[in-house]
Amino acid sequence: MSALPASAIALTHGTSQSGVTIPQLGLGTYKITDDEAERVVAQGLDLGYRHIDTAQMYGNEAGVGRALAASGLEREEVFVTSKLNNPYHRRQDALRAFEASRQALGLEALDLFLVHWPLAQTPGIDLVETWQAMIEILEGGGARAIGVSNFQPAHLDRIVEATGVVPAVNQVELHPWLIQHGLRQVHEAMGVVTQSWSPLGRGRLLDEPVLVGLAQELGVSPAQVIIRWHLQHGLVVIPKSTHAERLAANADVFGFELDASQMVAIDALDRGLRTGSHPDRVQL
Ligand code: A2P
């Protein structure tokens, strides 16, 4: 496979363009160990992935960093995201944890840094304090863009009302069983880019008959159909796999298109089904 075609979305903070663009297709690394992350990310970069998504919580930033260093790619060629871990929501902790991420990844600046979970029900946690620390990181040049993950509309409203700084992205669980229609509309109104985590429903969607049927019709795999659906909805999508051939196939999604009726048929699979935690239930 040749390098992926450029398909990127501009990020904004508040109402101003940040000048940062995020490649629409990236490689996720959730549940991939540090050693394995080094191999998988190296293979991904070799295959043409130019967007890598990690998190402090995954414990694999150092492995990702080793793969980036060994790739020989220029820093600006790869978009790198990490996320603030739950115990570090207080300002001082957040700043310290961010420095540890930079060190582990071996990067002077991250492209995107996210608050991983809102923890809005945890006593003593103040979303605004955390978001202000993120703004400090942005203004200090440690990250080119900042955003959030697993935020509900009320959480977005709270931090924006308090600071005036709109998160560049909100990364949430999103796939054909959980199409997040309402949240996507909120994002659109606010200028927040939607990123899909577990875009394949942790692989469980791959046997879904409608998707299997569409895949047969189009001569591609169910995973490719799903990834294409995310892309055509304008979502940033980060499928993950530990297998080289699947990594290659998941990125080989620019040679076919879903028509309007196929998109609608996939949208209709929505049943509000989460494969991961509900944002309100993740607490310290
Ligand atoms: P594996 O790592 O063994 O390839 P999600 O990104 O929604 O969390 O889904 C990831 C899961 O889907 C992983 O278990 C991964 O398994 C599996 N997976 C990813 N891509 C493919 C593919 N093209 N075909 C089959 N399974 C896949």
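Just so you know, ligand 1 is whichever comes first in the structure, and atom 1 is the first atom listed for that ligand. All figures in this text were calculated on a predicted structure; none of them were measured in a lab. In what follows, every heavy atom counts, from backbone to side chain, and hydrogens, waters and symmetry copies are set aside.
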**Asked** Should S149 and V172 be marked as a side-chain contact (heavy atoms from CB on, under 4.5 Å) after you check the CA-CA gap, both sets of side-chain angles, and the distance that decides it?
**Response** CA-CA 6 Å; S149 184; V172 296; 6.0 Å; no
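The aromatic rings of Y30 and Y58 are tilted relative to each other, their planes meeting at an angle between 30° and 60°.
In plain terms, the two heavy atoms of P118 and I125 that are nearest each other are O-CG2, 4.2 Å.
Side-chain atoms of D111 and T81, non-hydrogen and from C-beta on, never get closer than 4.5 Å to each other. Q262 is not listed as a side-chain neighbour of V225, based on a closest heavy-atom distance of 4.5 Å or more.
Every protein residue with a heavy atom nearer than 4.0 Å to ligand 1 is included here: S198, P199, L200, G201, R202, G203, L206, A223, P239, K240, S241, T242, H243, R246, N250.
To the nearest 0.5 Å, atom CZ of residue R228 and atom CG of residue L214 are 13.5 Å apart.
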